[in-house]
Protein chains: 2
Amino acid sequence: MYELIRSIKTAVIMSKTPIPKPTESELEILQVLWQHGPSTVRFTNDQLSQKREVGYTTTLKLLQLMLDKGLVLREDDSKTHVYRAAVREEETQGLLLDRFVDATFGGSAGKLVMQALGNHPTSADELAQIRSLLNQIEQQRNNTSNAKGQTDEPA
Amino acid sequence: MYELIRSIKTAVIMSKTPIPKPTESELEILQVLWQHGPSTVRFTNDQLSQKREVGYTTTLKLLQLMLDKGLVLREDDSKTHVYRAAVREEETQGLLLDRFVDATFGGSAGKLVMQALGNHPTSADELAQIRSLLNQIEQQRNNTSNAKGQTDEPA
DNA sequence: AAACATATACGAAGCACGTCGTAGATGCAA
DNA sequence: TTGCATCTACGACGTGCTTCGTATATGTTT
């Protein structure tokens, strides 16, 4: 019965919100769901509790709010509900990255990259990956030097 | 008289807080101070108002709170106070970057860099700079394979 | 069926942040 | 010196986020 009301409310209210921005706590939960797939409240809470102390009902409430926001989906066949992420990992990270670059680095992604590489230990493997991406970008830029516009499409 | 009380309170309470984390609004103000140097409330507010509507007393209050937190310093010789940043730009950005990498990319700076380069238009100049930094890091990594300390000084 | 363990729903409190109104202080112009 | 413009100080409100307590529902075990 509870569920029915909630479902209706959710369906009506949330119809067309573009992309909700998760808070930090919500992000923590999304990390769990991305990493482990669909999870129960209990499991999610256990995962979170490994890093810091969190009450069970806190995690539950968060997941319910995230359901309202459309950040997660839910399957409630049995007594125990199962939640799964409704937003993709990279897409969400990209959204947050945009905001962060604007707010903190005045929109300059280059500055951010410099800082990130300078201050954080990065594996040789990742460095190689970055270098490869760099090549790809510059090559693409040369190819389209007099084409109509340079897209910043990565692939 | 107001100032005296505030000064004492500030001096006593704030004695040794390590590094306060600025909020988004505080960051906006810091951007202005970093870019234009010491500024009055009026000037700061004018700058902020170019991007979005902000009340004068809002900016004032923010600056006062930032003073309490130790994010800015103040010279009040004349009637009109002059504020200047008490934290350095790169240091602050680094602090925020740390938190962001942890919260959003699970601590992987490499992932963040890949996303940033992939999704944001970056000038050829910046790309070259990044490539140079990349070289520097890898070279350094080879040299210090058994030496004691590698500095991560960029310049 | 009754008792128990475990799940969900929801109200409410505490806090931080951003915003503004208003009172009081200060300097300048007439 | 009296007004007027401009500044600072500060209280208070609205909102969003996080947390938790408690009531209610549901499934399981005896």
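Letters go in sequence order (proteins before strands), and every chain restarts at 1.
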Worksheet entry | Protein-nucleotide distance (A:Leu65, atom CG; D:dC20, atom P), rounded to Å | 15 Å
Worksheet item: Would you call B:Gln93 and B:Leu97 a side-chain contact if the rule is heavy atoms closer than 4.5 Å?
Response: no
Discussion item. Whole angstroms only, please: what is the CG-P distance between B:Asp68 and D:dT8?
Written reply: 15 Å
Discussion item. When you measure from the side-chain N and O atoms of B:Thr58 to the phosphate of C:dC20, is any distance below 4.0 Å, counting only OP1 and OP2?
Written reply: yes
Worksheet, complete the sentence: note: B:Leu48, atom CG; C:dC20, atom P; distance rounded to Å ~ 12 Å
Worksheet item: Think B:Arg42 has a side-chain N or O under 4.0 angstrom from the OP1 or OP2 of D:dA5?
Response: no
Item to complete: Between B:Val82 and A:Glu53, name the one whose nearest nucleotide on DNA chain D is closer to the 5' end.
Response: B:Val82
Worksheet item: Tell me: CD of B:Glu28 to P of C:dT19, nearest whole Å?
Response: 8 Å
Worksheet item: Between B:Ile29 and B:Tyr83, is any pair of side-chain heavy atoms under 4.5 Å apart?
Response: no
Discussion item. Rounded to whole Å, please give me the gap between CD1 in B:Ile29 and P in C:dG18.
Written reply: 9 Å
Discussion item. Rounding to an integer number of Å, can you tell me how far A:Leu63 CG sits from C:dA9 C1'?
Written reply: 14 Å
Worksheet item: Taking OP1 and OP2 of C:dG18, is either one under 4.0 Å from a side-chain nitrogen or oxygen of B:Ser25?
Response: yes
Worksheet item: Would you say D:dT6 has OP1 or OP2 under 4.0 Å from some side-chain N or O of B:Tyr56?
Response: no
Fill in: Flag, side chain of B:Gln31 to backbone of A:Ala103, donor-acceptor distance under 3.5 Å
yes
Worksheet item: Taking OP1 and OP2 of C:dT19, is either one under 4.0 Å from a side-chain nitrogen or oxygen of B:Arg52?
Response: yes
Fill in: A:Thr23 side-chain N/O to D:dC17 phosphate OP1/OP2 under 4.0 Å
no
Discussion item. Using modelled atom types and a 3.5 Å cut-off, is there a donor and acceptor pairing between side-chain atoms of B:Glu138 and backbone atoms of A:Ala124?
Written reply: no
Discussion item. Side chain of A:Val41, heavy atoms from C-beta onward: which of C:dT8, D:dC17, D:dT8 has the nearest atom to it?
Written reply: C:dT8
Worksheet item: Taking B:Ser39 for the side chain and B:Gly37 for the main chain, is one N or O donor matched with an acceptor at less than 3.5 Å?
Response: yes
Worksheet item: D:dG11 base to B:Lys61 side chain: any donor-acceptor pair below 3.5 Å?
Response: yes
Discussion item. Quick one, B:Leu30 and B:Met66 - any side-chain contact, counting heavy atoms below 4.5 Å?
Written reply: yes
Discussion item. Go nucleotide by nucleotide along DNA chain D from the 5' end; which of A:Glu24 and B:Tyr83 gets its closest nucleotide reached first?
Written reply: B:Tyr83
Fill in: Residue-phosphate contact under 4.0 Å: A:Gln64 side-chain N/O, C:dA9 OP1/OP2
yes
Item to complete: Calculate the interatomic distance between A:Leu60 atom CG and C:dT6 atom C1'; express it in whole Å.
Response: 12 Å
Worksheet item: Please give, in whole Å, the distance from D:dG16 C1' to A:Leu62 CG?
Response: 13 Å
Worksheet item: Per the atom types in the model, does the base of C:dT6 pair as donor or acceptor with the side chain of A:Lys79 at under 3.5 Å?
Response: yes
Worksheet item: Base, sugar-phosphate alone, or nothing: which one does A:Thr57 contact when heavy atoms must sit under 4.0 Å apart?
Response: base
